[in-house]
Engineer: 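Sending over a structure as structure tokens; questions will come in a sec.
A note on names: the letters A, B, ... follow the listed sequences, proteins ahead of strands, and every chain is numbered from 1.
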Number of protein chains: 2
Amino acid sequence: MAKDAQHPDLEDIELTTVLSALADPVRLGLVRLLSDGVERQWGELDAPVAKSTLSHHLKVLRSAGVTRTREEGTRCYVRLRSDELDDRFPGLLSSLLAVDGHGATPIGIKGA
Amino acid sequence: MAKDAQHPDLEDIELTTVLSALADPVRLGLVRLLSDGVERQWGELDAPVAKSTLSHHLKVLRSAGVTRTREEGTRCYVRLRSDELDDRFPGLLSSLLAVDGHGATPIGIKGA
DNA sequence: TTCGATGTTCGACGAACATCGAATAAGATG
DNA sequence: CATCTTATTCGATGTTCGTCGAACATCGAA
């Protein structure tokens, strides 16, 4: 699963790439959910999209260096690359999370 | 010219809208150029795109509340809405401008 | 090994987008 | 008025993007 889960070096990521990744409501919602630093399993994520779509979004986030994926058996866990992001783009993440009236799709946790 | 140059209230602008607007290399380049606070005339902007395309990009930025357009005769001037942006999205603009290794298209000033 | 759970990949679709050139509008200037 | 400059809009084109369902791959468990 997730064969070539590539995690790019943040130094190779351009600002426009990250901005594109975060410009989507669903992806921004995912980032906000993950912003507490807790690692989540895919199945936990309660997003109003099909599985394949969710998989796609998580792939985009991963490719943009925003998230990190860990595989354990058949399950995958995601978490934010907060520290690395803040190192590469100082202040960006925190300023994004501080905004309210963001157009992010609210993402929940199943069974919560 | 620029008949209904609408400048939305920043309070009505969502974060995703701004991120989308800034995710384009040309538009990010324009914002960086304008970040010195100087008001520029369209003709001054030396971007590697056709005039109609430039007009389009400036319209997107204006619709996203990022820039403000002033008309004077047949000429139009643009400037960043820096203060208002920082009020609505604290720290966002400055963190974006601080990044180097941004994928922004370099925009110049004609005759410079 | 067969089954179930979990993600991924693969077309496919429509919508949105970036881009251009040409046509247009409107003020400035001769 | 005729014309030039400046910017907008229109129509067209090709691309990218978000989305879905279906098929596939992989691991764990019965």
Side-chain angles (χ1 to χ4, degrees), chain A residues 1-7 14 16-31 39-64 67-79 103-105 107 109-111, chain B residues 1-7 14 16-31 39-64 67-79 103-105 107 109-111:
Chain A
M1 199 154 303
K3 30 290 325 216
D4 51 359
Q6 46 184 353
H7 294 97
E14 291 182 336
T16 50
T17 303
V18 177
L19 292 180
S20 294
L22 299 180
D24 181 88
V26 174
R27 291 195 291 263
L28 184 60
L30 287 169
V31 168
E39 187 179 61
R40 301 288 185 181
Q41 189 192 333
W42 297 57
E44 288 185 279
L45 306 174
D46 193 14
V49 292
K51 282 204 168 182
S52 52
T53 304
L54 180 61
S55 184
H56 164 68
H57 283 312
L58 287 167
K59 183 178 177 181
V60 171
L61 287 174
R62 187 176 52 211
S63 301
T67 59
R68 186 175 290 280
T69 295
R70 181 174 63 88
E71 305 165 33
E72 189 173 303
T74 64
R75 304 179 195 172
C76 284
Y77 296 88
V78 234
R79 67 175 188 277
T105 299
I107 311 282
I109 296 293
K110 279 176 182 165
Chain B
M1 199 155 306
K3 31 283 336 210
D4 51 358
Q6 47 183 356
H7 295 97
E14 292 183 337
T16 50
T17 303
V18 177
L19 293 180
S20 293
L22 299 179
D24 181 90
V26 173
R27 291 196 291 262
L28 184 59
L30 286 168
V31 169
E39 187 178 61
R40 303 286 185 180
Q41 190 192 334
W42 299 56
E44 290 184 276
L45 305 175
D46 193 13
V49 292
K51 279 203 170 181
S52 52
T53 304
L54 180 61
S55 184
H56 164 68
H57 282 312
L58 288 167
K59 182 178 177 182
V60 171
L61 286 175
R62 187 177 49 210
S63 300
T67 60
R68 186 175 291 280
T69 296
R70 183 173 61 90
E71 305 165 33
E72 189 172 301
T74 64
R75 300 172 201 183
C76 283
Y77 297 88
V78 233
R79 68 175 188 279
T105 299
I107 311 282
I109 295 293
K110 279 177 181 164

Engineer: Hey, could you give me the CG/CD1 distance between A:D46 and A:I107, rounded to the nearest 0.5 Å?
Structural biologist: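 Those atoms lie 8.0 Å apart.
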
Engineer: Quick one: does B:H57's side chain get under 4.5 Å of B:L61's, heavy atoms only?
Structural biologist: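 Of all side-chain heavy-atom pairs linking B:L61 with B:H57, none is under 4.5 Å.
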
Engineer: Side-chain N or O of B:H56 less than 4.0 angstrom from OP1 or OP2 on C:dC20?
Structural biologist: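 Answer no for this pair, as no side-chain N or O of B:H56 is under 4.0 Å from OP1 or OP2.
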
Engineer: Between D:dA7 atom P and B:R62 atom CZ, what is the distance in whole Å?
Structural biologist: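 After rounding, the gap between these two atoms is 12 Å.
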
Engineer: Just how far, in rounded Å, is P of C:dC20 from NE2 of B:H57?
Structural biologist: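 In whole Å, C:dC20 P and B:H57 NE2 are 8 Å from each other.
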
Engineer: Identify which nucleotide among D:dT19, D:dT5, D:dT8 has an atom closest to any side-chain atom of B:T74, counting heavy atoms from C-beta outward.
Structural biologist: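 When the side chain of B:T74 is considered, D:dT5 is the closest of D:dT19, D:dT5, D:dT8.
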
Engineer: Any strand counts, and the cut-off is 3.5 Å on both contacts for Watson-Crick or G-U wobble. Which nucleotide pairs with D:dG18?
Structural biologist: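 Pairing partner, where one exists within any strand: C:dC13.
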
Engineer: Residues of residues 41-54 of chain B with any non-hydrogen atom less than 4.0 angstrom from an atom of DNA chain C: list those, numerically ordered, please.
Structural biologist: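 Residues of residues 41-54 of chain B that come under 4.0 Å of DNA chain C are, in numerical order, B:V49, B:A50, B:S52, B:T53.
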
Engineer: Let's see if you can work this out: which of D:dT8, D:dC27, C:dT8 has an atom nearest to the side-chain heavy atoms of A:C76?
Structural biologist: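 For the A:C76 side chain, the nearest candidate turns out to be C:dT8.
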
Engineer: With sequence neighbours left out, write down each residue that passes salt bridge (charged side-chain N to carboxylate O under 4.0 Å, His left out) with A:R40, or none if nothing qualifies.
Structural biologist: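 So A:R40 forms a salt bridge (charged side-chain N to carboxylate O under 4.0 Å, His left out) with A:D36, A:E44.
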
Engineer: Has the side chain of B:S55 got a donor or acceptor atom that lies under 3.5 Å from a matching backbone atom of B:K51?
Structural biologist: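 No, B:S55 side chain to B:K51 backbone: no donor-acceptor pair under 3.5 Å.
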
Engineer: Could you identify the nucleotide paired to D:dC27, looking across every strand shown and requiring Watson-Crick or G-U wobble geometry with both distances under 3.5 Å?
Structural biologist: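 Base-paired to C:dG4.
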
Engineer: Starting from C1' on D:dC27, measure out to CD on A:E72 and report it in whole angstrom.
Structural biologist: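 About 12 Å, once rounded to whole Å.
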
Engineer: Can you tell me if A:R75 touches the phosphate of D:dT26, counting only side-chain N or O atoms and a distance under 4.0 Å to OP1 or OP2?
Structural biologist: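 It does not, given that no N or O in the side chain of A:R75 lies less than 4.0 Å from OP1 or OP2 of D:dT26.
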
Engineer: Calculate the interatomic distance between B:K110 atom NZ and D:dT5 atom P; express it in whole Å.
Structural biologist: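 Going from NZ in B:K110 over to P in D:dT5 covers 13 Å.
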
Engineer: Over how many whole Å does the gap from B:L58 atom CG to C:dT19 atom C1' extend?
Structural biologist: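 Roughly 15 Å, once rounded to whole Å.
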
Engineer: Distance check needed: D:dC17 C1' versus A:L19 CG, whole Å only.
Structural biologist: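 Computing the A:L19:CG to D:dC17:C1' distance gives 17 Å.
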
Engineer: When the distance from CG of B:D24 to P of C:dA16 is rounded to whole Å, what number comes out?
Structural biologist: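 Computing the B:D24:CG to C:dA16:P distance gives 18 Å.
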
Engineer: Output the distance between atom OG1 (B:T69) and atom CD (B:Q6), rounded to the nearest 0.5 Å.
Structural biologist: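 The OG1 atom of B:T69 sits 10.5 Å away from the CD atom of B:Q6.
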
Engineer: How many angstroms lie between atom CZ of A:R70 and atom CZ of A:R75, to the nearest 0.5 angstrom?
Structural biologist: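 A:R70 atom CZ to A:R75 atom CZ measures 11.5 Å (nearest 0.5 Å).
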
Engineer: In the structure I gave you, are the side-chain heavy atoms of B:L45 and B:L58 within less than 4.5 Å of one another anywhere?
Structural biologist: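 Of all side-chain heavy-atom pairs linking B:L58 with B:L45, at least one is under 4.5 Å.
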
Engineer: Nearest whole angstrom, please: distance from the C1' of C:dA18 to the CG of B:L28.
Structural biologist: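 To the nearest whole Å, that distance equals 16 Å.
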
